[in-house]
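A short worksheet on the structure shown next.
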Amino acid sequence: MSSDNEQDRDRQRHGCSARMPERIATHPCYSEEAHHHFARMHLAVAPACNIQCNYCNRKYDCANESRPGVTSERLTPGQAAEKVRAVRARLPNLSVVGIAGPGDPLASPERTFRTFELVSEIAPELHLCLSTNGLMLSDYIEKILHHGIHHVTITINAVDPEIGEQIYPWVVYRRSRLTGRSAAELLLERQIAGLELLRSHGILCKVNSVLIPGINDEHIIDVHRTVMGLGAFIHNIMPLISSPEHGTYYGLNGQRGATDDEVKSIQDRLTGSGRLMKHCRQCRADAVGLLGKDLSSEFSLKQLSARSPRAESLVTSSLFRDENPKIRVAVATHGQGLINEHFGQADEFDIFDVSSEAVTFSGRRRVEPYCLGGHGDSQALAAIKTLLGDCHAIFVARVGEGPRRALHSVGTELVERYAGQPIESSLRDFFQSRRSEKVAGTALTRNPVVKSNQV
Ligand code: CLF
Ligand code: SF4
């Protein structure tokens with residue numbers, strides 16, 4: 001975990017991309033530049049909430065981090081982990097996994113922390129991100145530190161309980177239900193304490209505020225000064241989205257939403273007084289992809305189970321019985337268009353889709369090399385297995401028996417016979433030979449371990 005000084009350095013360096021620390025430079029919400037290149041995914045594992053915001057109807061996603069009116073699939077921690085595996089295999093630029101609803105993650109702490117634990121096991125390189133109303137932050141600081149959660153967002157809409165009570169009708173804290181002014185006092189006090197605590201442990205904190213016309217619009221200036229003074233890294237002022245059909249208290253009582261011009265006007269008044277996030281997309285609790293390019297509809301549970309890596313990755317009879325078969329392969333190369341990298345030393349694989357018509361490059365996936373300093377790293381191998389789980393074969397200059405067996409166990413074949421040869425013609429040859437074998441009825445059997453000279 002980084003220190004206060006480290007976070008101060010992060011803040012000073014932000015804006016100088018050449019020196020920006022990795023945890024900022026690769027987080028699409030903490031760095032405006034990063035959002036063009038790095039994807040995040042949200043895991044909708046937290047259904048409950050411990051407060052009521054007047055802009056929220058919990059039939060929908062948490063309005064703090066999502067567009068009201070967009071429902072999400074609720075996931076168990078296990079389903080969430082499977083989803084991470086699948087998304088990571090498809091999106092090599094995935095850098096962040098966040099839990100942001102559909103309720104408050106710290107109102108469902110077991111589900112939230114179990115999910116982070118599973119994600120860390122299968123994808124230790126991803127940043128973990130948490131978005132909360134802040135009520136329970138101080139209670140779970142040890143867990144947050146234990147799980148290595150480096151980015152926390154707190155939604156703070158007011159620092160004055162008189163304004164807070166117009167936003168929060170009730171709060172449940174340690175089995176007591178508070179209403180009115182005392183509810184707002186407790187929540188605001190705990191939000192501030194949570195922010196201070198996170199900062200004291202060097203965690204990067206973003207503060208979100210919902211701009212509510214006529215209620216906290218002028219007050220947002222005080223909120224900004226307070227949270228930046230306490231060391232928030234960035235402040236994200238988001239417009240209230242309010243409509244009667246959302247069924248929220250505000251929506252049903254004629255409270256209008258805020259316009260983009262109103263948000264901009266407040267942002268302009270705050271220019272120079274602390275970093276402002278201006279590229280927020282108020283995303284769904286199950287958002288996937290680059291900000292503003294949501295791919296969540298491609299990763300529903302139903303779709304994931306229909307294309308599990310194991311089912312897709314086997315070069316089976318049925319695949320080559322298709323009229324237009326197509327396979328996906330990975331290639332270890334360090335250039336010149338050749339298959340010339342050892343499996344254990346590869347820090348990236350080029351991915352190709354191969355059919356009888358074409359060999360098409362479809363992207364590059366970075367990995368931690370399996371073999372560093374002469375020893376195989378089982379964690380790196382597990383990550384490669386997951387990352388290349390949709391590939392039918394991996395072409396390498398050389399590979400040891402251990403990784404060969406491990407990849408075979410998930411239906412991925414290691415191919416050495418084209419070592420040193422051009423990629424494109426080798427992939428064509430491999431495809432055609434597999435297809436001919438199939439036509440001739442001498443199908444490749446996937447389960448036995450195939451030695452390199454037998455492939
Ligand atoms: Fe998600 Fe939030 Fe983490 Fe980003 S979103 S938990 S910090 S990874 Fe980003 Fe989406 Fe705006 Fe949130 S654009 S709603 S600020
Ligand atoms: Fe809704 Fe989120 Fe507020 Fe809870 S914290 S009431 S889920 S907007």
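In each ligand, atom 1 is the first atom listed, and ligand 1 is the first ligand listed. Just so you know, residue 1 is the first one in the sequence shown, and it goes up from there. No experiment lies behind these values; they were computed from the predicted model shown. Scope of the values below: all heavy atoms of this structure, side chains included, with no hydrogens, waters or symmetry mates.
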- Task: For the pair N133 and N50, evaluate side chain to side chain donor-acceptor pair (under 3.5 Å) and give the outcome as yes or no after the intermediate values.
- Result: CA-CA 9 Å; N133 59 39; N50 41 22; 2.9 Å; yes
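- Annotation for ligand 1: atoms under 4.0 Å from non-hydrogen atoms of T153 are 7 (S).
- The local environment of CZ in R328 is crowded, with over 12 non-hydrogen atoms from other residues, nucleotides or ligands closer than 6.0 Å.
- The shortest heavy-atom distance from H35 to ligand 1 is not under 4.0 Å.
- The ligand atoms of ligand 1 that sit less than 4.0 angstrom from a heavy atom of K206 are 7 (S), 15 (S).
- Between the side chains of R23 and Y30, no donor-acceptor pair of N or O atoms lies under 3.5 Å.
- In N236, the part holding a heavy atom less than 4.0 Å from any atom of ligand 1 is the side chain.
- Counting heavy atoms under 4.0 Å from ligand 1, residue H151 does not touch it at all.
- Set against the non-hydrogen atoms of Y55, the atoms of ligand 2 under 4.0 Å away are 8 (S).
- A side-chain hydrogen bond (donor to acceptor under 3.5 Å, both in side chains) with N208 is found for exactly one of N157, N236, T153, namely N236.
- By the 4.0 Å N-to-carboxylate-O rule, E218 lies close enough to R269 to be salt-bridged with it.
- At least one N/O/S atom of C129, from backbone or side chain, sits under 2.8 Å from atom 3 (Fe) of ligand 1.
- With no hydrogens or angles considered, a side-chain donor-acceptor pair links D104 and T132 at under 3.5 Å.
- Ion pairing of E262 with R256 is present here, as a side-chain N (NZ or NE/NH1/NH2) and a carboxylate O approach within less than 4.0 Å.
- Side-chain N or O atoms of E413 include none that pairs as donor or acceptor with a backbone N or O of A393 at under 3.5 Å.
- Listed by atom number, the atoms of ligand 2 under 4.0 Å from N133 heavy atoms are 5 (S).
- The contact set between ligand 1 and L291, taken as ligand atoms under 4.0 Å from a residue heavy atom, comprises 13 (S).
- By the criterion of a heavy-atom distance under 4.0 Å, neither the backbone nor the side chain of H279 is placed next to ligand 1.
- Atom numbering of ligand 1 starts at 1 in the shown order; those under 4.0 Å from a heavy atom of R281 are 11 (Fe), 13 (S).
- Using a 4.0 Å cut-off between a side-chain N of Lys or Arg and a carboxylate O of Asp or Glu, K264 and D260 do not qualify as a salt bridge.
- Geometric assessment of R364 against the ring of F349 yields a negative cation-pi assignment under the 6.0 Å and 45° thresholds.
- The ligand atoms of ligand 1 that sit less than 4.0 angstrom from a heavy atom of H42 are 1 (Fe), 5 (S), 6 (S), 8 (S).
- Close approach of ligand 1 to V96 is summarised as follows: ligand atoms under 4.0 Å from at least one heavy atom of the residue are 8 (S).
- Residue-level proximity to ligand 2 for C49 is carried by the side chain, the only part with a heavy atom below 4.0 angstrom.
- Counting atoms of ligand 2 from 1 in the listed order, those under 4.0 Å from a heavy atom of G103 are 7 (S).
- Against a heavy-atom cut-off of under 4.0 Å, C56 is close to the following atoms of ligand 2: 1 (Fe), 6 (S), 7 (S), 8 (S).
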- Task: Under the side chain to side chain donor-acceptor pair (under 3.5 Å) rule, what do S296 and D294 come out as? Steps first, then yes or no, please.
- Result: CA-CA 6 Å; S296 56; D294 187 50; 2.4 Å; yes
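- Heavy-atom proximity to C283, at under 4.0 Å, picks out these atoms of ligand 1: 5 (S), 10 (Fe), 13 (S), 14 (S).
- Contacts between M238 and ligand 1 below 4.0 angstrom, taking non-hydrogen atoms only, are absent altogether.
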